[in-house]
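This report refers to the structure that appears directly beneath it.
All chains are named by letter (A, B, ...) in the order of the sequence lines, taking the proteins before the strands, and each is independently numbered beginning at 1. Because only heavy atoms are used, hydrogens play no part in the values below, and waters and symmetry mates are left out as well, while side chains stay in.
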2 protein chains.
Amino acid sequence: MVTEPVRRVPADESSHRLVRDMVLDRSSPVPLYFQVAQHLEAAILDGRLQPGTRFDNEVLVAEQLGLSRPTMRRAMQYLVDKGVLVRRRGIGTRVVQPKVRRPLGLSSLYEDLAASGQHPSTQVLSLSVEPASAVVAQALALPVETPVTVVVRLRSAADQPIARMANYLPHTVLTGIGDGLTESALEAYGLYQLIRGLGIQLHAADQTIGARSATAEEGRLLGERRGAALLTMQRTAYDDHGRAVEYGSHIYAASRYSFELSMLAG
Amino acid sequence: MVTEPVRRVPADESSHRLVRDMVLDRSSPVPLYFQVAQHLEAAILDGRLQPGTRFDNEVLVAEQLGLSRPTMRRAMQYLVDKGVLVRRRGIGTRVVQPKVRRPLGLSSLYEDLAASGQHPSTQVLSLSVEPASAVVAQALALPVETPVTVVVRLRSAADQPIARMANYLPHTVLTGIGDGLTESALEAYGLYQLIRGLGIQLHAADQTIGARSATAEEGRLLGERRGAALLTMQRTAYDDHGRAVEYGSHIYAASRYSFELSMLAG
DNA sequence: CAGTGGTCTAGACCACACC
DNA sequence: GTGTGGTCTAGACCACTGT
């Protein structure tokens, strides 16, 4: 028996064009699902796919792109995890807000400032080896009095002091490089950049953000009055094996700096 | 030709026992990959799987559990994303640190305090409808002067004031419930709990954390001296469709509160 | 070289939402 | 019902790591 072709509920026209014109390189080392995800994300960010746009169902889209369904699913799931798409069983897949999310992952103040074109500069106030205090030892899971490398830096942007940062590194981290950690290197690069350059994979970090009043000396250093509000942040960073790699205790001039976080629901 | 059976590099004994004893319920609505992930995570958290333990390769483990490789992969990938496992091509899969990660997702101060057994209490200082100021309008993406519901609360724990929280809700969010947002409800539950109870899916949030000095009035309210350091936090929360659902501007007594964040590398 | 995880395919069945 | 995403399977080939 002959019937009319099924009248599919159409997805938005814009997604049709986009999918039709998408070019994938099967010989590239970049995975197909990632190529697809990048194309889609770019289209969302530059407005070719507006928020609210609905996709065809994943089987169809996969077909149109010449991909298997699992591969297409993976591309979409990647964007869902990134917060760019929303999917609901029985409903469909839609584009959400193209908001630029800056998850503040394991970045450093230096990288943050550099990325926003603030021309950061660093002055190393001290670089030494000292026995670990109780707090430092606790944070790095070392016995008290274990020698650790201590670097104190003053971070500025646009010739204004922003933060005083004290970092503590266990010597196990520095074996094999020894003097890779020089004053000049520390003034040219962020600490995290140097650590990663040493082949250490940063994996996770615990942070505490608080506030207190500046002492007279801290005020002088940061160009604030005594008693001015300071932001404080303590951070312990861990590598793949769960070993504490770095502990930092930092103060920020609250009048010139704040933390911004974007997060997805959990 | 007959050869000796291949001498496999063995994984740790503890993982063998665990996998052998794992029971899966194929008739459960809980997905298999999730059941597996939960079993493994529980074993890691309670120490049956120590940090550093190495798994057999995923094909073997899948076999031992009577699962397909993709399903097993999915369970492991879930734990990798959660930061509990680390995988490296050519190397293997290992357990990392069982650190309790508290991602501080879209939780509220109320939920944080309640979870840590602090017996929080709330006092509604005001509940009204007011025209949106410039900042509020900007944060909620509304025209200036649009009427919004404003609730100001004082949050305490252990009879000590902790925070003053001002929240602004567009009326589009409240349609259909109207008076679900009462003073008594606000004093008994967290605001986010109430919003979720209204069937609204929280999706993402942008936050800014800063610090400043307390005014005399703020000091009185929070039991601090004038000029004491305050933590400040502004947050805009969005739903699935990217619509701003809530804006909050809060101050915290820094001597009694700080933010803790755990994060994975990105 | 052997062993590992990373990617991809082609299909199947199920649970949920809306009409 | 019909259409959607969610789960699961059985296999294949590839890329990277170490010996």
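Across all strands, Arg88(A) comes closer than 4.0 Å only to sugar-phosphate atoms, never to a base (heavy-atom distances). When heavy atoms are screened at a 4.0 angstrom cut-off, Arg74(B) is found touching the sugar-phosphate backbone but no base atom.
Within the model, atoms CD of Glu58(A) and CE of Met72(A) stand 8.0 Å from one another, a figure rounded to the nearest 0.5 Å. Atoms OH and CD, from Tyr33(A) and Gln38(A) in turn, are 10.0 Å apart once rounded to the nearest 0.5 Å.
Counting only heavy atoms from C-beta on, Arg89(A) has its side chain closest to dG5(D) among dG5(D), dC8(D), dC8(C). For Tyr33(B), whose side chain is taken as the heavy atoms from C-beta onward, the closest listed nucleotide among dG5(C), dT7(D), dT4(D) is dT7(D). Taking the side chain of Arg87(B) as heavy atoms from C-beta on, and the options dT9(D), dG6(C), dT17(D), the nearest nucleotide is dG6(C). Distance from the side chain of Pro31(A) is smallest to dC8(C) among dC16(C), dC8(C), dT9(D). Considering only side-chain atoms of Asn57(B), the nucleotide from dT4(C), dG6(D), dA17(C) that sits closest is dT4(C). Comparing dT17(D), dC8(D), dT9(C) by their closest approach to the side chain of Arg26(A) singles out dT9(C). Closest contact between the side chain of Arg73(A) and the listed nucleotides dG5(D), dA15(D), dT7(C) involves dG5(D). Counting only heavy atoms from C-beta on, Glu58(A) has its side chain closest to dG6(D) among dT17(D), dG6(D), dT9(C).
Proximity of Thr71(A) to the phosphate of dT7(C): no side-chain N or O atom is located under 4.0 Å from OP1 or OP2. At dT4(C), none of the side-chain N or O atoms of Thr93(B) fall inside 4.0 Å of OP1 or OP2 (strictly under the cut-off).
The distance between atom CE of Met76(A) and atom C1' of dT7(D), rounded to the nearest whole Å, is 17 Å. Atoms CD (Glu63(A)) and P (dT9(C)) sit 13 Å apart, rounded to a whole Å. With rounding to whole Å, Met72(A) atom CE is found 16 Å from dT7(C) atom P. Across the protein-nucleic acid pair, Arg94(A) atom CZ and dT4(D) atom P stand 13 Å apart, rounded to whole Å. Regarding Phe34(B), its CZ atom lies at a distance of 23 Å from the P atom of dC14(C), rounded to whole Å. Going from atom CD1 of Ile91(A) over to atom C1' of dT2(D) covers 13 Å, rounded to whole Å. As rounded to whole Å, 15 Å separates atom P of dT7(D) from atom CD of Gln77(B). Remark: C1' of dT2(D) and CG of Leu60(A) are 14 Å apart, rounded to the nearest angstrom.
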Self-check item: Pair Glu246(B)-Asn167(B), side-chain hydrogen bond (donor to acceptor under 3.5 Å, both in side chains): steps then yes or no
Solution: CA-CA 7 Å; Glu246(B) 179 258 344; Asn167(B) 293 92; 2.3 Å; yes
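Here the shortest heavy-atom pairing between Arg235(B) and Ala205(B) reads CD-CB, 4.0 Å. Between Val84(A) and Glu41(A), the closest heavy-atom pair is CG2-OE2, 4.4 Å.
Where Leu67(A) and Gly90(A) each meet DNA chain C at their nearest nucleotide, the meeting point lying more 5' is that of Leu67(A).
Residue-to-nucleotide contacts include a donor-acceptor pair under 3.5 Å from the side chain of Arg69(A) to the base of dG6(D).
Around CD of Gln64(B), the count of heavy atoms belonging to other residues, nucleotides or ligands within 6.0 Å exceeds 12.
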